[in-house]
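Data block below; observations after.
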Amino acid sequence: MGKMEQGPSAILDVFYPIVPDVDWLSRLVPLGVRTIQLRIKDASRDQVLRQVSSGLDICRRNGCLLIVNDYWREAIEAGAGYVHLGQEDLAEADVLAIKAAGLGLGISTHSREELATALAANPDYVALGPVYETKLKTMKWSAQGLDRVREWKRAIGDLPLVGIAGITPERAPGVIDAGADSVAVITDFFTHPDPEARVAEWLAWARRLTP
């Protein structure tokens, strides 16, 4: 497996799964996943560091880009190359320190105001959600729909756009056709009776788009 660039010059794969811990990451990355986000919740600093370090090792061995959600300090300390921030975390983060450490930066957006805030931080990609309603996470935002995906892509130009929430293999082609470069997926495989088989389906779809 070839070495994967872990910094801001890395190219996001069209299929972008999000996992809650390194155990899930270790299950999915060896299947051929090329981009994955580690979204750890309610963990101590030491636990986060251990999981990020372990996840980074697994990703490097398998040619996968690791994106660390929220924990930008730990990402820097562990040597990760990419972080993803929500709007609240962005407001509290030291973006200059993230950039100085050479990390790529992805930012969540849900409204035009949030998009303006994100673009002011000079991100390496922007995420838009929820494209569709999602059952896994309660959100105050209603489904954005494909017209909003098109609007976002017109606004950000060549900057990569990630669509997130409620995306299934049936819906994914429409999201990509509307202008998204990647689809971030959680619920579709997380709640599937056979998550690995479902991820294999996603990977087959992604390879048809990016051979």
Side-chain angles (χ1 to χ4, degrees), residues 1-41 43 47-85 98 101-108 123-127 129 136 159-165 167-169 172 175-176 180-190 192 194-211:
M1 186 71 67
K3 182 180 178 182
M4 167 62 70
E5 166 64 43
Q6 293 291 327
S9 62
I11 298 174
L12 302 182
D13 193 34
V14 66
F15 173 57
Y16 175 167
I18 298 176
V19 295
D21 54 47
V22 76
D23 291 337
W24 270 94
L25 184 146
S26 68
R27 291 171 61 181
L28 302 188
V29 168
L31 300 177
V33 171
R34 293 178 178 175
T35 299
I36 196 164
Q37 183 184 129
L38 183 58
R39 182 189 282 176
I40 304 167
K41 296 295 182 183
Q47 289 172 329
V48 172
L49 271 175
R50 283 196 296 271
Q51 291 208 49
V52 172
S53 296
S54 178
L56 192 57
D57 182 55
I58 294 168
C59 286
R60 283 171 171 160
R61 291 200 311 266
N62 288 276
C64 179
L65 169 64
L66 174 64
I67 300 174
V68 179
N69 183 266
D70 292 350
Y71 291 99
W72 60 271
R73 294 181 183 86
E74 290 80 2
I76 292 173
E77 187 171 345
Y82 231 109
V83 294
H84 180 96
L85 299 177
I98 292 170
L103 274 69
L105 174 63
I107 300 175
S108 295
D124 296 285
Y125 76 80
V126 167
L136 195 64
L159 196 65
L161 175 63
V162 178
I164 184 170
I167 301 175
T168 63
V175 180
I176 297 299
D181 300 279
S182 302
V183 290
V185 180
I186 313 169
T187 308
D188 184 76
F189 71 83
F190 196 77
H192 195 275
D194 189 343
E196 284 87 351
R198 189 61 158 180
V199 167
E201 292 180 32
W202 275 104
L203 291 171
W205 168 77
R207 298 304 165 256
R208 290 195 293 271
L209 295 184
T210 55

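Just so it is clear, the structure is predicted and the values come from calculations on it, not from any experiment.
Closest heavy-atom contact between R60 and G79: NH2-O, 3.3 Å. In terms of heavy-atom proximity, V185 sits nearest to I167 at CG1-O, 4.2 Å. The nearest pair of heavy atoms linking V33 to L28 is CG2-O, 3.4 Å. Nearest heavy-atom pair across Y82 and L65 is CD1-CD1, 3.9 Å. Of all heavy-atom pairs between P160 and D181, the closest is CA-OD2, 3.3 Å. Shown here for P30 and L25, the closest heavy-atom pair between the two residues is CD-O, 4.1 Å.
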Evaluate the salt bridge (charged side-chain N to carboxylate O under 4.0 Å, His left out) criterion for residues R27 and D23: first the C-alpha distance (whole Å), next the side-chain angles of each, then the deciding distance (0.1 Å), finally the verdict. CA-CA 6 Å; R27 291 171 61 181; D23 291 337; over 6 Å; no

Under the side-chain contact (heavy atoms from CB on, under 4.5 Å) criterion, do V183 and V162 qualify, and how do the steps go? CA-CA 5 Å; V183 290; V162 178; over 6 Å; no

List the steps, then state whether side chain to side chain donor-acceptor pair (under 3.5 Å) holds for Y16 with Y125. CA-CA 13 Å; Y16 175 167; Y125 76 80; 2.6 Å; yes

Run L12 and I67 through side-chain contact (heavy atoms from CB on, under 4.5 Å) and show every step you take. CA-CA 10 Å; L12 302 182; I67 300 174; 3.8 Å; yes

Check the pair D13 / R207 against side-chain contact (heavy atoms from CB on, under 4.5 Å), numbers first and verdict last. CA-CA 10 Å; D13 193 34; R207 298 304 165 256; 3.4 Å; yes

Take V19 and F189 through the test side-chain contact (heavy atoms from CB on, under 4.5 Å) and record every step on the way to the result. CA-CA 10 Å; V19 295; F189 71 83; 4.1 Å; yes

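Two residues are said to be in side-chain contact when any heavy atoms from C-beta on lie closer than 4.5 Å; V126 and P123 meet this criterion. Under the 4.5 Å side-chain criterion, counting only non-hydrogen atoms from C-beta, P17 is not in contact with F190. Using a 4.5 Å heavy-atom cutoff, the side chains of D21 and K41 are not in contact. Taking 4.5 Å as the limit, every side-chain heavy atom of T35 sits out of range of all side-chain heavy atoms of I11.
Between R39 and D70 there is no salt bridge, since no side-chain nitrogen of the basic residue lies less than 4.0 Å from a carboxylate oxygen of the acidic one. Ion pairing of R198 with D194 is absent here, as no side-chain N (NZ or NE/NH1/NH2) approaches a carboxylate O to less than 4.0 Å.
A donor-acceptor contact shorter than 3.5 Å is absent between the side chain of N62 and the backbone of V29. Using modelled atom types, no side-chain atom of S54 and backbone atom of R50 make a donor-acceptor pair closer than 3.5 Å. Side chain of Q6 to backbone of C64: a donor-acceptor contact under 3.5 angstrom is found. Side-chain N or O atoms of Q51 include one that pairs as donor or acceptor with a backbone N or O of V22 at under 3.5 Å.
Rounded to the nearest 0.5 Å, atoms CG (L31) and CD (E196) are 6.0 Å apart. Going from atom CZ of R34 over to atom OG of S182 covers 12.0 Å, rounded to the nearest 0.5 Å. Here the CG atom belonging to D124 is positioned 9.0 Å from the CD1 atom belonging to I107, to the nearest 0.5 angstrom. Residue I40 holds its CD1 atom at 8.5 Å from CD of E74, rounded to the nearest 0.5 Å. To the nearest 0.5 angstrom, L38 atom CG is 13.0 Å from H84 atom NE2. For the atom pair CD1 of I36 and CG of L66, the computed distance is 8.0 Å after rounding to the nearest 0.5 Å.
Applying the ring pair (Phe, Tyr, Trp, His ring centres under 6.0 Å) criterion to F15, with sequence neighbours excluded, gives W202.
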